[in-house]
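For ligands, and for the atoms within them, numbers begin at 1 and follow the listed sequence. For clarity, every value in this text was computed on a predicted model and none was experimentally measured. In what follows, residues are counted from 1 in the order of the sequence shown.
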Amino acid sequence: MVKYVVEKNGKLMPSNEMKKIAWVSDEKIYKDAEKNPVKFWERLAEEGISWEKKWKKPYVEKLPYFEWFKGGKLNFCFNCLDRHLKNNGNKVALIWVPEPTGEKTIKLTYKQLHEKVCRFANVLKKNGVRKGDAVSIYLPMIPEALIVMLACTRIGAIHSVVFSAFSADALKSRIEDCKAKILVTSDGYYRRGEEEELLGKAKEAAEKTTIKKIIVVRRLGKKLDKELDFEEEIKKAKADCDCETVNSEDIMFILYTSGTTGKPKGIVHDTGGYAVQAYWTCKWNFNLHDDDIMWCTADVGWITGHSYAFYGPLLNGCTTLVYEGSPDFPDYGRWWKIIQDNKVTVFYTAPTAIRMFMKAGDEWPRKYNLGSLKILGTVGEPINEEAWMWYFNRIGSKRCPVIDTWWQTETGGTLINSLPGIGPFVPTVSGRSFPGTRHIVVDDKGKEVKNGETGNLVQLSPFAPGMLHGVYKNHEKYVETYWRFKTKYDTSDGAYIKNGLIRMTGRTDDVMKVAGHRLATAELEDAISKDNSVAECAVVPIADEIKGQVPVAFVVLKSGEGSEEIEKEIKKFVDKKIGPTARPAKIYFVEDLPKTRSGKIMRRILKALLNNEDPGNLMTLINPEIVEKIKEIIQKSSEKA
Ligand code: PRX
């Protein structure tokens, strides 16, 4: 079996075989790109993306905003589908593996996918969707999610995908923010062998909003009321639909993400710049060639699902694999069987999943032939050394590089990682900035720190083409969240740089990563405090062996004492307000929260108490006596457990 990595001077490096097949294998790429990053990205834009009209200005910066390929015109869907039809029309674009083991895998060629997308684009048009209108998509991991998204980009409509495990309330607030006209959803999907209902939540969310029509994919074959049936509608629609030309800087999609307030922010992405970064990062990070089959396990409700489960592989004319269900259904061998059966070559997943499989045991991957794999990727949260090594040894059989990609919803595409043909592959270290981009670490005043010192990771101008174009209709939020250093983009991540390689150390704000999902403590606190019984609350993350972090809530009730029933009720309430991904792992009922004289809740102290650490100086507190009481409550609860 081909080995793609070798050990050189104690470091894992690309083998000669990898260097031979790698798109980039010469270090020089970094230096060349750095000399003139704008020229570099211009060259990539020309080579990778089909434009209807070339841009007039490659990069215009008026901070805090900047635009790429200004004056350029293109269609995103054309780049994902039409341009591949002539030479690769019969090639499989999408392999879809349903969760129920008895159901057949579905394969759609570029031609078939193109036809479905055209038909659905006509359905959207028939229902009044025009260029610049927003469409909300609340779909599980089924082919229709891809079809609907591409159909939006075909007619220049803006898509806003909402994670299907989010609640009706979460969907509603996102619909209201972008004023979507149409909601596309399904009657449900399969999860761990069970039918999960979706349409009820979708209907509840759409009530009294701008939504004019709900279009439903009948995944479970349920009867519809007055909603439109996806299949029926596309059957009636014409099979051809012209691509609408859009400007490079026109909005292609909005994706909502947790920030440091209770309300999620609509991260705005444009068309041209996003396309360029998605195309090239996917091609170079995963060394995608014509015959590759890429499986990115992320849900389309997250940016990783957008850029690497769907768009990146299609822009590159490759085959992407999508799986509907849970990793452990019907057993812990499901993913490895999917890789074996479909000869997946590139596998991209999150540390949480890797840790879960590590715990489940080596016997599961051992049952399957994973010899088709060439490259392994990880994303979404810091990966610990043990999980990295397990992934490398047990899944990649010490043959495949592990590419630890750092990026964010805001960056649209990956930004920091080692490239497979260049290396090195170091556990827990992401690597270097993608060619043509630059990151440094600064202190709280914005001054660059010394090598090896931890600080704030920032990106320098010219900012990468896939970067956000603001927060939807919220200039203040955009400035306040990302531009505290004025000319440097603040990632809100901590990091240090050693020997030119960047290692992430976690978020610097009150955002946690729960099983790779991004969750602001403020969003959760906002939800919990809306429960009728709650007077006040504070949420802090604690470390979790598998999920990385989980939220723990401290709740002050309006009256009475806490009980298991109230804990259950609050958790249920969180499910309703946000979704089960945000459910606190534990709720402590306390009399009061540690506060400063100005009323600020000291979460730092709560964190220390949970971790059995010294809470430090309590002098600034207005209620220092509460600290000891909370400590006792935590201790009692852990004794009980
Ligand atoms: O804290 C970083 C962490 O995930 C955050 C972005 O979350 P989200 O917008 O949900 O996007 C996740 C997928 C791109 C970052 O600010 N993060 C992401 N990748 C890594 C990471 N932390 C450490 N290592 C990574 N590879």
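Remark: Asp575 engages Pro580, Arg583 in a side-chain contact (heavy atoms from CB on, under 4.5 Å) (not counting sequence neighbours). Take Asp544 and apply the salt bridge (Lys or Arg N to Asp or Glu O under 4.0 Å) test, not counting sequence neighbours, and it matches no residue.
Without hydrogens or angle criteria, Lys488 side chain to Gly446 main chain gives a donor-acceptor distance under 3.5 Å. Side-chain N or O atoms of Trp302 include none that pairs as donor or acceptor with a backbone N or O of His517 at under 3.5 Å. Proximity of a side-chain donor or acceptor of Thr505 to a complementary backbone N or O of Gly494 within less than 3.5 Å is detected.
Any N or O atom pair closer than 3.5 Å counts here, and Glu410 shares no such pair with ligand 1. The shortest N/O to N/O separation between Arg507 and ligand 1 falls below 3.5 Å. Residue-to-ligand polar distances keep Thr304 apart from ligand 1: every N/O pair is separated by 3.5 Å or more. Backbone and side-chain nitrogen or oxygen atoms of Gly380 are examined, and one is located within less than 3.5 angstrom of a nitrogen or oxygen of ligand 1. Taking only nitrogen or oxygen atoms, main chain and side chain alike, Thr257 does not reach within less than 3.5 Å of ligand 1.
Counting the atoms of ligand 1 from 1 in the order shown, those under 4.0 Å from a heavy atom of Thr409 are 8 (P), 9 (O), 10 (O), 11 (O). Contact atoms of ligand 1 toward Pro382: 22 (N), 23 (C), 24 (N) (distance under 4.0 Å to a heavy atom of the residue). Interface atoms of ligand 1 facing Arg518, defined by a heavy-atom separation under 4.0 Å, are 6 (C), 7 (O), 8 (P), 9 (O), 10 (O). Within ligand 1, counting atoms from 1 as listed, the ones closer than 4.0 Å to a heavy atom of Thr405 are 19 (N), 20 (C), 25 (C), 26 (N). Counting the atoms of ligand 1 from 1 in the order shown, those under 4.0 Å from a heavy atom of Val379 are 13 (C), 14 (C). Near Met504, meaning under 4.0 Å from one of its heavy atoms, ligand 1 places the atoms 23 (C), 24 (N).
No more than 12 heavy-atom neighbours from other residues, nucleotides or ligands sit within 6.0 angstrom of CD on Glu386. Within a 6.0 Å radius of CZ in Arg438, no more than 12 heavy atoms belonging to other residues, nucleotides or ligands are found.
Contact annotation: Trp407 has at least one heavy atom less than 4.0 Å from an atom of ligand 1.
Taking only non-hydrogen atoms, the option from Val511, Asp493, Asp404 nearest to atom 1 (O) of ligand 1 is Asp493. Between Glu381, Lys513, His306, it is Glu381 that holds the heavy atom closest to atom 25 (C) of ligand 1.
Taking the ring centre of Tyr391 as origin, the terminal cationic atom of Arg355 falls outside the region bounded by 6.0 Å and 45° from the ring axis.
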Could you please spell out the steps behind the ring-ring contact (aromatic ring centres under 6.0 Å, His included) verdict for His159 and His269?
-> CA-CA 10 Å; His159 62 64; His269 282 288; over 10 Å; no
